[in-house]
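Starting from 1, each residue takes its place in the sequence as its number.
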Amino acid sequence: LIRQPRPAFMRALHIWHNEHNMGFIQTVNRVLDQTDQTAVLVNTDVEVVPGWLERMLRYLELDAKIASVTPFANSATICSFPQMGKDNALWPGRSLQEEAAAFAACGFDRPVDLPTGVGCCMLLRGSCLRKLGGFSEVFSAGYGEENDWCCRAAEAGYRNVLAPDVFVYHKHGVSFASRSDKSKQARLKENLRLLNRLHPGYDLLVSDFVQ
């Protein structure tokens with residue numbers, strides 16, 4: 001057995017416990033405030049395979065103006081596979097490991113520009129975080145905060161990209177499973193209106209990308 005040295009980002013593990021429920025955005029910002037380095041957000045309902053993070057990090061080396069990197073997932077709105085905007089199952093007859101291996105075999109070096117990253121699994125460049133700060137807390141309990149961050153990054157001259165050789169599994173909606181569908185839909189609509197007030201034309205950018 002040959003033991004290779006761990007990458008620097010794997011050499012230390014720090015765990016913070018909130019004394020009370022701060023909500024998603026404040027909890028993420030609490031952690032982001034502890035570091036000035038590149039960070040990756042992974043929701044509790046996302047499953048990854050070995051090598052996924054290393055492949056995502058390579059995209060930051062392609063262009064210093066890449067602010068965020070999002071992988072493909074079975075359920076990740078504009079980064080969903082095989083049907084965009086759908087909560088897809090895994091490809092019939094394939095395990096997550098097999099699906100991820102198929103994406104990894106597609107090769108690296110062709111990031112796809114996105115109007116926004118997708119927050120269930122998203123890599124954030126450290127220098128951009130230092131410039132823009134974390135997520136805006138005007139989005140309350142969540143939904144829309146990562147879109148706002150990506151819009152602010154784009155307005156500052158950065159890119160948000162899709163990593164076409166990375167695939168993760170997202171069991172969509174588990175993070176907010178305790179909330180009713182009605183409450184979730186109301187929050188989504190409210191935060192989408194807020195997003196368009198903050199970034200006029202956001203809906204059109206996403207629509208153009210989908211087309």
Side-chain angles (χ1 to χ4, degrees), residues 1-16 24 27-29 31-82 84 88 90-91 94-132 134-135 146-147 149-150 153-154 158-172 174-175:
L1 177 64
I2 301 176
R3 296 188 180 275
Q4 297 183 355
R6 293 181 178 180
F9 61 82
M10 295 177 61
R11 290 177 188 163
L13 176 65
H14 302 277
I15 299 175
W16 288 275
F24 177 78
T27 297
V28 169
N29 283 342
V31 177
L32 293 178
D33 287 344
Q34 305 296 321
T35 180
D36 60 358
Q37 303 298 312
T38 292
V40 63
L41 305 178
V42 186
N43 280 12
T44 56
D45 52 5
V46 168
E47 185 176 350
V48 299
V49 300
W52 69 281
L53 183 54
E54 290 86 343
R55 289 201 299 278
M56 285 180 66
L57 284 165
R58 291 183 303 176
Y59 286 93
L60 297 186
E61 299 174 2
L62 284 180
D63 182 357
K65 282 299 185 179
I66 290 179
S68 74
V69 184
T70 302
F72 269 114
N74 61 298
S75 179
T77 62
I78 60 173
C79 298
S80 293
F81 177 87
M84 183 185 291
N88 302 286
L90 289 175
W91 196 262
R94 281 185 181 167
S95 65
L96 170 59
Q97 289 71 23
E98 290 170 329
E99 189 82 332
F103 275 82
C106 291
F108 157 77
D109 77 3
R110 292 187 178 183
V112 177
D113 282 280
L114 297 170
T116 177
V118 181
C120 64
C121 184
M122 187 170 72
L123 184 69
L124 306 173
R125 183 183 289 275
S127 60
C128 197
L129 278 168
R130 291 192 293 274
K131 184 173 183 177
L132 301 178
F135 290 163
E146 81 273 22
N147 312 91
W149 191 91
C150 290
Y158 287 89
R159 300 168 61 194
N160 302 292
V161 304
L162 168 70
D165 64 334
V166 185
F167 181 86
V168 302
Y169 178 76
H170 181 207
K171 191 171 184 180
H172 188 219
V174 171
S175 296

For this session: Please list all pairs passing the salt bridge (Lys or Arg N to Asp or Glu O under 4.0 Å) test where one or both residues lie in residues 72-82, with sequence neighbours left out.
Result: none

Exercise. Restricting to pairs with a member in residues 67-80, which pass salt bridge (Lys or Arg N to Asp or Glu O under 4.0 Å), not counting sequence neighbours?
Worked result: none

For this session: Could you tell me whether the side chains of His170 and Asp45 share a donor-acceptor contact shorter than 3.5 Å?
Result: yes

For this session: Check the side chains of Asn160 and Ser68 for a donor-acceptor pair under 3.5 angstrom, ignoring hydrogens and angles.
Result: yes

Value rounded to 0.5 Å, distance of [atom1] in [X] from [atom2] in [Y]:
| X | Y | atom1 | atom2 | value |
| --- | --- | --- | --- | --- |
| Ser127 | Lys65 | OG | NZ | 8.0 Å |
| Ile66 | Tyr158 | CD1 | OH | 12.0 Å |
| Leu124 | Trp149 | CG | CH2 | 4.5 Å |
| Asp33 | Leu129 | CG | CG | 10.0 Å |
| Asn29 | Gln34 | CG | CD | 11.0 Å |
| Cys121 | Leu41 | SG | CG | 8.5 Å |

Once side-chain contact (heavy atoms from CB on, under 4.5 Å) is applied, do any residues pair with [X], and if so which ones, sequence neighbours excluded?
| X | result |
| --- | --- |
| Thr77 | Val118 |
| Leu162 | Phe72, Cys79, Val112, Leu114 |
| Val49 | Leu96, Gln97, Ala100 |

Exercise. Does the side chain of Asn88 come within less than 4.5 Å of Pro82's, by heavy atoms?
Worked result: yes

Exercise. Does any non-hydrogen side-chain atom of Leu53 lie less than 4.5 Å from one of Leu123?
Worked result: yes

Where do [X] and [Y] come nearest, in terms of heavy atoms and distance?
| X | Y | result |
| --- | --- | --- |
| Gly117 | Thr70 | CA-OG1, 3.3 Å |
| Thr38 | Gly126 | OG1-N, 3.0 Å |
| Pro71 | Met56 | CD-CE, 3.8 Å |
| Cys120 | Val46 | O-CG2, 3.5 Å |

For this session: List in chain and number order the residues that pass salt bridge (charged side-chain N to carboxylate O under 4.0 Å, His left out) with Arg94, two or more places apart in sequence or in another chain; answer none if no residue qualifies.
Result: Glu99

Problem set entry | Which residues share a salt bridge (charged side-chain N to carboxylate O under 4.0 Å, His left out) with Arg130, sequence neighbours left out | none

For this session: Sequence neighbours left out, what pairs pass ring pair (Phe, Tyr, Trp, His ring centres under 6.0 Å) with at least one residue falling in residues 33-52?
Result: none

Problem set entry | Contacts of type ring-ring contact (aromatic ring centres under 6.0 Å, His included), residue Tyr169, not counting sequence neighbours | none

Sequence neighbours excluded, which residues qualify as side chain to side chain donor-acceptor pair (under 3.5 Å) partners of [X]?
| X | result |
| --- | --- |
| Arg110 | none |
| Asp63 | Arg159 |
| Thr35 | none |

For this session: Report the C-alpha distance between Thr27 and Trp16 in whole Å, list the side-chain angles of each, state the deciding distance to 0.1 Å, and finish with yes or no for side-chain contact (heavy atoms from CB on, under 4.5 Å).
Result: CA-CA 9 Å; Thr27 297; Trp16 288 275; over 6 Å; no

Exercise. Does the side-chain contact (heavy atoms from CB on, under 4.5 Å) test come out yes or no for Arg58 and Asp165, once each step is laid out?
Worked result: CA-CA 11 Å; Arg58 291 183 303 176; Asp165 64 334; 2.8 Å; yes

